[in-house]
Amino acid sequence: MKKITDRKKLALYGCSGMGVNMLTIMVGSYLCSALLVGGFEEHIESWTYLNKDLVVAGLWAVLVFLAKALDGIIDLPLATFADKLNTKLGRRKSALLLGFIPMVIAYVAFLFPLNSSGATILNTIWFGVLLCIFYTFYTLTMLTYYATFSEVCQNEQDTVFLSNVKSICDVVYYILGFALVPVFVSVGINIRIVALIFLPLSLTMMIPFFLLKENDSGEKSVRTLTLGKALGTAFKNKPFIYWMLTSSVMTIGLQLFLGGINELFSSTGLNMTFVMASAFVPVPFTIILYNYIVMRKGLGFAYRYVLSVFSVGMIIMYICNINSHKMTELQLTLVAILGGIFVSFAIGAFFSITYTVPSHLAVVEEEKTGKKIASMLFAVQGLFEGVAAGIATGLILVTLKDNDVISLLPIIVAVCCMAAFGMSFAFKKEIAYMGKKDAE
């Protein structure tokens, strides 16, 4: 693989995944919810496909859970598949195309129910199958993209630069997803049309296709591990597994927030652009504070800090929701923005920490045993996160919507955060003091 030495091209390469990740926000946070009217009280005709239930809630909850769990389980098999590809086009380019094209087809197909008359088993199975297809090929696309980071960077400084660009792009697509989408809906544009508006953004994934310079015929074959061996090795790492259990509890809360925030505030009359912008725009600056706390106190303390402020943000949003009819529009907006600001002090750290902990533990493991298990740890993390996301957006969120108790969402999120807060006191020193300057 030819290295990308031009920083401008490297920055462009870091923007590649933004469009594809935007599609996952549309599917996971909006389109899945749009199949059921429960939880929506305003602009229902725009937030939902046809202003009616299109799926059977109980079966749909199970299928969403299975699709999210599948998204985690297939990480390592798909990584193995991508590594073993041998084509004239190039190993990475071929994997990108094999992932991207079916993913886009599934995304577009997801916008059209088979039966428009109402909630049917046929519709439910149709959307469930499409969801599995979408997540499968999304995973193949992004796994291939991330795998190229170490291949296109010529040194550690370039790798850090590329990762920082990717982090900034993450903030951008979250702002687009959670601040701009509600604007379109509020002016009467149906969520399906909004999904099509953002579809061209996915073409950013074609950037690697044109920048990658491969010569697979001269490369050595990549040695891969079986899923069983990878899981076995990772599960023997006790600090990592305990971290994953703790992180999974937090992930349930985070995914529930991301997946249901639009329903939570649909009856308040709030301008969600202001609320979500307050939660995501300050993220680059709040990450600086988080990194400072990690350096002074270690990751364990910093993790408890972000869990605490996220919980406070959830409580503020709960108060805002249940008292929406007792406040003026200005008061309601100010309180909601305050909750969003508290959320911003945590949400960026939640994204960042999923990369740093497995990477650090992989280094520790290599120093102790000589085994390189970074890919294994990330694969297992994908499994845990997939199951957690399935529980959050499949089982819990659908249940809240179906029983019209969506107002309880921030309370459940706060409970998950406090549970993770308590569990964090049992972190091993490899995690508890990670990143602390002059740590013993």
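Residue numbers count from 1 along this sequence.
The two atoms that bring A279 and I347 nearest to each other are O-CG2, 3.8 Å, heavy atoms only. Heavy-atom minimum distance, T144 versus A95: OG1-CB, 3.3 Å. Of all the heavy atoms in V398 and A57, the pair that sits closest is CG1-O, 3.5 Å. Here the closest heavy-atom approach between residue V343 and residue G313 is recorded as CG2-CA, 4.3 Å. Here the closest heavy-atom approach between residue G260 and residue L397 is recorded as CA-CD1, 3.9 Å. When every heavy atom of A420 is checked against every heavy atom of V249, the shortest pair comes out as N-CG1, 4.1 Å.
For the atom pair L338 CG and T333 OG1, the distance stands at 12.5 Å (nearest 0.5 Å). Atoms CD1 and CD1, from I193 and I197 in turn, are 7.5 Å apart once rounded to the nearest 0.5 Å. Atom CD of E385 and atom CD1 of I252 lie 11.5 Å apart (nearest 0.5 Å). A distance of 13.0 Å separates OH in Y173 from SG in C15, rounded to the nearest 0.5 Å. From L409, atom CG reaches atom CE of M317 across 10.5 Å, with rounding to the nearest 0.5 Å. Rounding to the nearest 0.5 Å places CZ of F210 at 11.5 Å from CG of L12.
Proximity of a side-chain donor or acceptor of N403 to a complementary backbone N or O of V405 within less than 3.5 Å is not detected. Between the side chain of S247 and the main chain of W243, no donor-acceptor pair closer than 3.5 Å is present. For T286 (side chain) and S344 (main-chain N/O), a donor-acceptor pair under 3.5 Å exists by modelled atom type. Although no hydrogens or angles enter the test, the distance criterion places no donor-acceptor pair under 3.5 Å between the side chain of N123 and the main chain of V55. Between the S186 side chain and the V183 main chain, a donor and an acceptor come within less than 3.5 Å of each other. One N or O on the side chain of T124 and one on the backbone of V56 form a donor-acceptor pair closer than 3.5 Å. At least one donor-acceptor pair under 3.5 Å links the side chain of N323 to the backbone N or O of I319. One N or O on the side chain of N237 and one on the backbone of F240 form a donor-acceptor pair closer than 3.5 Å. At least one donor-acceptor pair under 3.5 Å links the side chain of S202 to the backbone N or O of L199. Formation of a donor-acceptor pair under 3.5 Å by the K52 side chain with backbone atoms of L36 is not found in this model.
Within the 4.5 Å cutoff, the side chain of I315 has no heavy atoms near those of the P410 side chain. Proximity of M205 to M142: side-chain heavy atoms (C-beta onward) are separated by under 4.5 Å at one or more points. Looking only at side-chain heavy atoms (C-beta outward), C416 and L256 stay at 4.5 Å or farther from each other. L212 is listed as a side-chain neighbour of L96, based on a closest heavy-atom distance under 4.5 Å. For the pair E45 and N190, the minimum side-chain heavy-atom distance is 4.5 Å or more. Side-chain atoms of D53 and L35, non-hydrogen and from C-beta on, never get closer than 4.5 Å to each other. In this structure the side chain of Y242 never reaches within 4.5 angstrom of the side chain of I431, judged on heavy atoms. Here the side chains of K401 and I406 are in contact, with some heavy-atom distance below 4.5 Å.
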> Do L201 and L176 pass the side chain to side chain contact (heavy atoms under 4.5 Å, CB included) test, and can you show the C-alpha distance, the side-chain angles, and the key distance before you say yes or no?
Replying inline: CA-CA 11 Å; L201 192 61; L176 290 175; 4.1 Å; yes

> Run the side chain to side chain contact (heavy atoms under 4.5 Å, CB included) check on Y303 and M250 step by step: do they pass?
Replying inline: CA-CA 10 Å; Y303 188 56; M250 177 275 292; 3.4 Å; yes

>> Quick one, S424 with R304, criterion side-chain hydrogen bond (donor to acceptor under 3.5 Å, both in side chains). Give me CA distance, side-chain angles, the key distance, then yes/no.
In response: CA-CA 7 Å; S424 70; R304 288 189 285 273; 3.2 Å; yes

>> Go through it in stages, so that I can follow the logic: the residues are K68 and V387, the test is side chain to side chain contact (heavy atoms under 4.5 Å, CB included), and I'd like the CA-CA distance, side-chain angles, deciding distance and then a yes or no.
In response: CA-CA 6 Å; K68 293 281 188 176; V387 173; over 6 Å; no

>> Determine whether F127 and F110 satisfy the following criterion, ring pair (Phe, Tyr, Trp, His ring centres under 6.0 Å), listing intermediate values before the conclusion.
In response: CA-CA 6 Å; F127 286 117; F110 200 87; 5.0 Å; yes

>> Show, in sequence, the C-alpha distance, side-chain angles and deciding distance for Y49 and L111, and conclude whether the side chain to side chain contact (heavy atoms under 4.5 Å, CB included) test is met.
In response: CA-CA 8 Å; Y49 279 23; L111 302 177; 4.0 Å; yes

> Would F310 and F257 satisfy ring pair (Phe, Tyr, Trp, His ring centres under 6.0 Å), going step by step from the backbone distance to the final call?
Replying inline: CA-CA 10 Å; F310 194 66; F257 165 74; 5.6 Å; yes

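Of the residues listed (Y305, Y290, F285), the one engaging F345 in a side chain to side chain contact (heavy atoms under 4.5 Å, CB included) is Y305, and it is the only one.
Ring-plane geometry between F384 and F235 is classed as tilted, the angle between the planes lying from 30 to 60 degrees on a 0 to 90 degree scale. Ring pair Y107/F134 is tilted by interplanar angle, where 30° to 60° counts as tilted.
Between Y30 and F184, the distance separating the two ring centers is not shorter than 6.0 angstrom.
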